[in-house]
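Down below is the structure, laid out as structure tokens.
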Amino acid sequence: MKALVYEGVEQLNFRDVPDCVVPQDAHLIRVEAVGICGSDMHAYLGHDDRRPAPLILGHEAAGVIVGGARDGERVTVNPLVTCGTCAACRSGRENLCATRQIISMPPREGAFAQYITMPAANLVTVPEAVPLAKAALAEPLAVSWHAARLALARLQPTKDTRVLVLGGGAIGLAAALAVRAMGLEDITVVEPNDGRRNFLIDRCGQRAVASAEGEFSLVIDAVGYAATRRSASGLVAPGGVIAHVGLGEDDGGLDIRRMTLQEITFIGTYTYTAQDFRDTAEAIFTGRLGPLDWFETRPLSDGAAAFKALRHAEVATPKIVLTPWC
């Protein structure tokens with residue numbers, strides 16, 4: 001089969017790889033759509049030791065089951081594989097499983113390929129009316145759904161609660177959509193890139209600004225750099241919540257003294273629970289998250305060019321979805 005293989009810093013090659021071997025407890029999935037995630041970009045730039053070359057990246061996938069009793073079934077893929085038996089899994093916090101694995105990290109190859117294999121428990125059936133490219137957004141949307149759910153549970157907001165999202169990429173936009181779906185309306189997205197900010201305003205109906213002032217009860221950092229953490233520390237209101245989603249860089253930025261004196265809650269959030277993923281998929285299918293028409297599609301064979309365009313900030317849309325069968 002063909003796959004887009006990460007082979008070194010800023011090196012991607014669309015080439016032949018061995019066909020998938022299907023484990024007894026898994027299904028073979030013909031990938032129809034797979035999004036480019038920020039973590040894929042970190043790996044591409046050589047910033048993620050968890051994703052060493054050579055490796056097939058990609059974990060935001062949807063496709064069609066091939067073979068077996070569910071042959072032809074359209075599914076979106078929860079890429080997080082967990083043991084199902086540890087204390088975290090039994091308590092419904094599978095994302096904290098000590099032996100968790102995610103496709104696109106060894107030992108599991110990713111979905112920038114024509115086929116992948118996945119356990120049945122990781123597949124959510126997609127209605128015929130929902131395009132698979134849209135269904136592939138379930139993974140990044142679930143990341144933000146999980147973050148919003150945790151933050152709002154801590155904050156106990158009212159409808160007047162002000163929310164600030166730092167970063168207007170797919171995760172930031174998804175966070176704004178999730179918070180709105182959960183009942184809040186006063187939401188501002190900070191996005192310094194002019195093209196992307198204008199896209200958020202014109203195509204996504206978001207209140208998007210280059211920088212923010214004032215105080216916000218909830219700040220969601222969808223970037224995760226020292227500079228955005230510094231902004232979050234300064235803009236969150238006393239008694240407020242910072243939900244940290246981005247993994248841009250490890251250190252710096254937080255004003256621990258202010259957070260302590262003002263009783264500000266910091267929540268680190270990682271991926272999602274299995275229920276979060278199912279809830280997000282259902283929200284997509286029922287339209288609770290809006291039309292979700294803010295992505296563009298490109299052939300997987302042109303994936304290297306897509307990564308290069310993202311690298312040089314030449315893409316206004318928050319998400320590129322690759323289609324292996326173009």
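In what follows, residues are counted from 1 in the order of the sequence shown.
Checking side-chain atoms of Asn78 against main-chain N and O of Phe277 turns up no donor-acceptor pair under 3.5 Å. The backbone N or O of Thr85 lies less than 3.5 Å from a partner atom in the side chain of Arg90, making a donor-acceptor pair. In terms of modelled atom types and a separation under 3.5 Å, the side chain of Glu32 and the main chain of Leu132 share no donor-acceptor contact. For the pair Trp325 (side chain) and Ala33 (backbone), a donor-acceptor distance under 3.5 Å is absent. Judged by distance alone, with hydrogens and angles left aside, the side-chain atoms of Tyr44 form no donor-acceptor pair with the main-chain N or O of Tyr6 at under 3.5 Å. The main-chain N or O of Gly58 is found under 3.5 Å from a side-chain atom of Asp40 such that the two form a donor-acceptor pair. Looking at Asp302, its side chain never comes within 3.5 Å of a backbone N or O of Ala305 through a donor-acceptor pair. The closest donor-acceptor contact from the side chain of Lys319 to the backbone of Ile36 lies under 3.5 Å. Put simply, the side chain of Glu191 never gets that close to the backbone of Gly167: no donor and acceptor are under 3.5 Å apart. No side-chain donor-acceptor contact under 3.5 Å links Arg50 to the backbone of Met105.
Legend: residues meeting ring-ring contact (aromatic ring centres under 6.0 Å, His included) with Tyr225, ordered by chain and number and at least two apart, are absent. Considering only residues two or more places apart in sequence or on other chains, Arg230 meets the side chain to side chain donor-acceptor pair (under 3.5 Å) condition with none of them.
Side chains of Glu296 and Thr317: a donor on one and an acceptor on the other come within 3.5 Å. Side-chain atoms of Glu73 and Thr125 include a donor-acceptor pair closer than 3.5 Å. Side chain to side chain, Asn95 and Thr273 fail the donor-acceptor criterion of an N or O pair below 3.5 Å.
Counting non-hydrogen atoms of neighbouring residues, nucleotides and ligands closer than 6.0 angstrom, the CD atom of Gln156 reaches no more than 12 such neighbours. More than 12 heavy atoms of other shown residues, nucleotides or ligands fall within 6.0 angstrom of atom CZ in Arg100. For Asp49, the CG atom counts as loosely surrounded, since its 6.0 Å shell holds 12 or fewer non-hydrogen atoms of other residues, nucleotides or ligands.
For the pairing with Leu173, the side-chain contact (heavy atoms from CB on, under 4.5 Å) check across Val189, Leu141, Leu200 returns one residue only, Leu200. Looking at Thr188, Leu177, Val165 one by one, the single match for side-chain contact (heavy atoms from CB on, under 4.5 Å) with Gln206 turns out to be Leu177.
No single ILVMFWY cluster, assembled from side-chain heavy atoms under 4.5 Å apart, contains both Val126 and Val77.
Between Glu10 and Lys308 there is no salt bridge, since no side-chain N of the basic residue sits under 4.0 Å from a carboxylate O of the acidic one. Between Arg15 and Glu7 there is a salt bridge, with a side-chain nitrogen of the basic residue lying less than 4.0 Å from a carboxylate oxygen of the acidic one.
Taken from NZ in Lys134 to CZ in Phe295, the straight-line distance is 7.0 Å, to the nearest 0.5 Å. Summarising the geometry, atom CG belonging to Leu247 is positioned 6.5 Å from atom NE2 belonging to His42; distances are rounded to the nearest 0.5 Å. Atom CD of Glu94 is separated from atom OG1 of Thr271 by 9.5 Å, given to the nearest 0.5 angstrom. We find the CG-OG1 distance between Leu137 and Thr76 to be 8.5 Å, quoted to the nearest 0.5 Å. Expressed to the nearest 0.5 Å, how far CZ of Arg74 lies from CD of Glu128 amounts to 4.5 Å. We find the CD1-CD1 distance between Ile56 and Ile116 to be 10.5 Å, quoted to the nearest 0.5 Å.
Each salt bridge (charged side-chain N to carboxylate O under 4.0 Å, His left out) pair with one or both residues in residues 199-216, not counting sequence neighbours, appears once here: Asp186-Arg207, Glu215-Arg258. Counting only residues at least two apart or in different chains, side chain to side chain donor-acceptor pair (under 3.5 Å) contacts with residues 233-255 comprise Arg229-His244. Annotation: salt bridge (charged side-chain N to carboxylate O under 4.0 Å, His left out) contacts involving residues 276-288, sequence neighbours excluded, comprise Arg149-Asp276.
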Passes side-chain contact (heavy atoms from CB on, under 4.5 Å), Met118 versus His27? Steps please. CA-CA 5 Å; Met118 291 300 296; His27 289 285; over 6 Å; no
For Leu28 and Cys20, run side-chain contact (heavy atoms from CB on, under 4.5 Å): C-alpha distance rounded to whole Å, both residues' side-chain angles, the deciding distance at 0.1 Å, then the answer. CA-CA 8 Å; Leu28 182 66; Cys20 293; 3.9 Å; yes
Could you walk me through whether Leu322 and Phe112 pass the side-chain contact (heavy atoms from CB on, under 4.5 Å) check? CA-CA 8 Å; Leu322 301 177; Phe112 288 152; 3.9 Å; yes
Candidate pair Ser39 and Arg51, rule side-chain contact (heavy atoms from CB on, under 4.5 Å), full reasoning: CA-CA 9 Å; Ser39 62; Arg51 291 179 165 93; 3.7 Å; yes
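In the hydrophobic clustering, Val190 connects to Leu164, Leu166, Val209, Phe216, Val219, Leu235, Val236, Ile242, Leu254, Ile256, Met259, Ile264, Phe266, either directly or through intervening members, whenever side-chain heavy atoms lie under 4.5 Å apart.
The two atoms that bring Ala151 and Val241 nearest to each other are CB-CG1, 4.1 Å, heavy atoms only. For the pair Asp221 and Thr228, the tightest heavy-atom approach, listed with the atom from each and the gap, is OD2-OG1, 2.9 Å.
Side-chain atoms of Val75 and Ile29, non-hydrogen and from C-beta on, do get closer than 4.5 Å to each other. Taking 4.5 Å as the limit, every side-chain heavy atom of Phe199 sits out of range of all side-chain heavy atoms of Ile201.
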